[in-house]
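Chain A is the first sequence line, chain B the second, and so forth, proteins listed ahead of strands; every chain is numbered from 1.
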Amino acid sequence: MDVTSVQAVLDELGRLTAGRPVMQIMEVCGTHTVSLFRSGVKSMLPAGVRLLSGPGCPVCVTSQGYIDAACDLAGRQGVTVCTYGDMVRVPGRLGSLAERRGQGGHVVVVYSTRDALRYAAAHPAEQVVFLAVGFETTAPATAAAVLEARRLGLANFTVLTAHKLVVPAMLALLAEGQVPIRGFLCPGHVSVIIGAAAYEPIVRQFAKPCVVAGFEPPQMLQGILHIARQVAAGQACVENVYGVAVSARGNPAALKLLEEAFAISDAVWRAIGVIPASGLELRAELADFDAARRFDLDLSANDEAPGCLCGQVIQGKVTPADCPLFGQACTPMHAIGPCMVSSEGTCAAWYKYGEK
Amino acid sequence: MTGHSPIANRKSQIENRILLAHGGGGELTRQLLAERIVPKLSNALLAPLTDSALLDLPSGRICLTTDAYVVQPVEFPGGDIGRLAVCGTVNDLAVCGARPHALSLALVLEEGLELALLDRVIDSIAAAAKEAGVVVATGDTKVVERQRGDGLTITTAGVGPLREGVQLGMERVRAGDVILVTGRIAEHGLAVMSAREGLKFSTAIRSDVAPLVSLIESMLAAGGAGVKFLRDPTRGGLACVLADLAEGAKLAVEVEESAVPISAAVLHTAEMLGLDPLTIANEGKCVAVVASDAADAVLAACRSHPLGACAAIIGRLVESPVPLVELITRIGGRRIVQRPYGEELPRIC
Ligand code: SF4
């Protein structure tokens, strides 16, 4: 997209929103949040369009109880915690995994579930726990790892699951009705797996436009434009401007893996609480691979660090600037909540890209 | 060929690796140095193997720098720790306006390190030193127990006289000066990452690790006093240098994203990993602040040097009450560039 067509999109957005109340559009996914800042799209939008970050940063929505359980495990004799890098610095009530590692705890950063499996196979004397967080994007890899562990008979491998589903969270936000959202910019990566049709319930129940877009600036601009056009025309439907990667029905192989390994369950979201049918738990026949069971962990705690508004930030109820700790007591060097730690966290993006 | 007996096999396996005794100061230490290290680095300063080297330096101001090198893996596409340890130190001297003269080299070897790997690293040190026009004048080798080292770590120090008439410093930077970068960014960091255990992805990206001595020499010759500040954007990447510049010069820095030289492979790989190329390390690039009337000459000098073929002017310094770095993005938006606060890790999904 050249600069003139960018300008054409911006002009049309300006015309569609002029003289109307500010159109709040939620970008659900943390990768969108970061890309919108990094590419400068956020700085170019007309005043009539406001972007709100949603509950799509995997680390940020993970509950305190989960973080604490992970730290607890990392401190236990004979246990090694394998995790994606994003989780390492998230502060919990018992400190962070990074601090645990500093105290001699076993924490290994992996880039894929395969690495965690390989680590477990190579260290049979250790109990290896993989921290399975993330949305439909990372869940298929967890599913594959657990199924593979069963096939190999790996007795020292378990996963601590906190996988979450995007659409139920969007529905819960709308049902609560506290944040006026006019439409959703739907996440490209997740949609590759679940398919664009997965957003139909949002359109049916709440008449909100849902547009799936990739992460390149022209894609994101197109997505925002399509939402604005629908809003202006009083329409609501699912559109997909990321047709090269996203189909209506998603990726059948990945969905089949999910189906094989997981059942849909209620899930605890940071500060939001339990959202019915918004998470994935291992199927009963795979319960041997469930770390919460093997180590008898209690994941129920769900309070936030005192003063931290992450729970509200991830629902779009407040922006990081509304948090009195933002940029003061809470910075990436000394993060108080996960939204400031995660590379996809809204507070981190605001801090990093200068929206203060 | 007839097979070796298991005992012979085991023996040769041991013989092919670093033993604790190699660091003991006795016969094995002497052998290691005399057979594997000293001959490859040989030069008049090192040859006497005295406790310290005697340097003949011109009178005047001397630059001294030191750096410790740890990198995993030790060998990566486009380079290895040896080349890195020479280039990093030599470049630190060069960007201060010094003519690198001699290096010291301290090796910390982990018990069990393959001798063949050590040989390759020493070869690479020798080659890089030759390329940079410096000698290794003195050195030391220690061995640490298995699991207590990172395979191989290197510390180098370097000295060199300051070039005549060169005045480099942030305090000379003024509004209106332009910012130049000598080539494509973010290659070293991604090349190392691509080879890292657990992350291995196949890519054609190679580290840019290279000695910048002659490139900087020709930039200084072309720009004279118009060259005001030089820095090699290593860890922390371009973002870190630009943030330091804004802060130090108390001026705003404006950078055009579309002007920053970057290969398509780097751009896409960084995108895939969720990393900002501006924050990814370089080891063979230099950022220069140049007076606007010297910019063309310095740019031409860069472009006619093999290490500066992709050099470009990427931005300028402007008067501003808030000394921030602002990036004008490819599509014409704006965002602030900040100093990264630590190593950025690839994102989850
Ligand atoms: S700025 Fe820090 S304390 Fe405030 S909401 Fe964000 S992460 Fe929490």
Side-chain angles (χ1 to χ4, degrees), chain A residues 1-3 5-7 9-10 29-31 34-45 57-59 84-89 108-112 114-116 118-119 133-138 141 187 189-190 215-218 221 331-333 342-344 348 351-356, chain B residues 72 193-201 236-237 239-240 242-243 246 252-258 260 262 264 267-280 320 322-349:
Chain A
M1 188 182 251
D2 54 35
V3 178
S5 37
V6 167
Q7 199 49 51
V9 171
L10 293 172
C29 163
T31 311
V34 173
S35 307
L36 285 163
F37 269 115
R38 199 182 273 173
S39 62
V41 167
K42 213 173 157 101
S43 70
M44 304 171 85
L45 294 174
C57 150
V59 171
Y84 294 127
D86 258 15
M87 290 289 283
V88 173
R89 294 177 58 241
V108 175
V109 172
V110 294
Y111 297 97
S112 74
R114 250 174 298 129
D115 296 334
R118 228 180 286 138
Y119 185 92
V133 297
F135 296 97
E136 289 93 333
T137 33
T138 52
H189 298 148
V190 166
F215 301 96
E216 293 288 325
L221 274 169
T331 64
M333 299 292 283
S342 168
S343 58
E344 309 207 322
Y351 188 86
K352 206 150 128 197
Y353 299 118
E355 192 123 337
K356 285 182 192 157
Chain B
Q72 275 312 329
M193 222 178 269
S194 76
R196 203 168 276 170
E197 195 51 57
L199 192 61
K200 285 199 175 123
F201 48 87
C240 200
L242 297 176
V253 169
E254 241 179 47
V255 172
E256 296 276 351
E257 188 175 28
S258 57
V260 177
I262 186 166
L267 201 60
H268 290 139
T269 307
E271 177 73 21
M272 181 186 88
L273 297 170
L275 300 173
D276 181 353
L278 296 182
T279 65
I280 298 174
S320 160
V322 269
L324 285 173
V325 182
E326 211 175 10
L327 184 77
I328 300 159
T329 64
R330 250 178 224 102
I331 58 164
R334 285 176 172 262
R335 70 155 161 109
I336 305 292
V337 176
Q338 295 211 356
R339 190 181 287 119
Y341 46 88
E343 188 188 13
E344 301 217 342
L345 295 167
R347 64 155 172 255
I348 288 185
C349 64

Heavy-atom pair of closest approach, residues Gly332(B) and Met44(A): C-CE, 3.5 Å
Nearest-0.5 Å distance that lies between atom OG1 in Thr31(A) and atom CD in Glu271(B): 9.5 Å
Set of residues satisfying side-chain contact (heavy atoms from CB on, under 4.5 Å) with respect to Glu136(A), sequence neighbours excluded: Leu165(A), Val166(A), Val190(A), Ile193(A), Ile194(A)
Ile331(B) and its side chain to side chain contact (heavy atoms under 4.5 Å, CB included) partner, picked from Val9(A), Val6(A), Leu10(A): Val6(A)
Which atoms of Arg330(B) approach chain A - backbone, side chain, both or neither, heavy atom under 4.5 Å: backbone
Note, Asp276(B) side chain near Tyr353(A) side chain (heavy atom, < 4.5 Å): yes
Greatest number of heavy atom pairs closer than 4.5 Å to chain B - which of Cys57(A), Gly40(A), Ala141(A): Gly40(A)
Spacing of CZ belonging to Arg334(B) relative to OG belonging to Ser39(A), to within rounding of 0.5 Å: 14.5 Å
Arg114(A), part contacting chain B, at a heavy-atom distance under 4.5 Å: neither
Distance in Å, Tyr111(A) OH paired with Met193(B) CE, rounded so as to fall on 0.5 Å steps: 7.0 Å
Any side-chain heavy-atom pair of Val41(A) and Thr329(B) under 4.5 Å: no
Residue selection (most heavy-atom pairs with chain B, distance under 4.5 Å) from Ala116(A), Pro332(A), Gly30(A): Pro332(A)
Atom pair CZ/CG of Arg38(A) and Leu275(B) - distance to nearest 0.5 Å: 7.0 Å
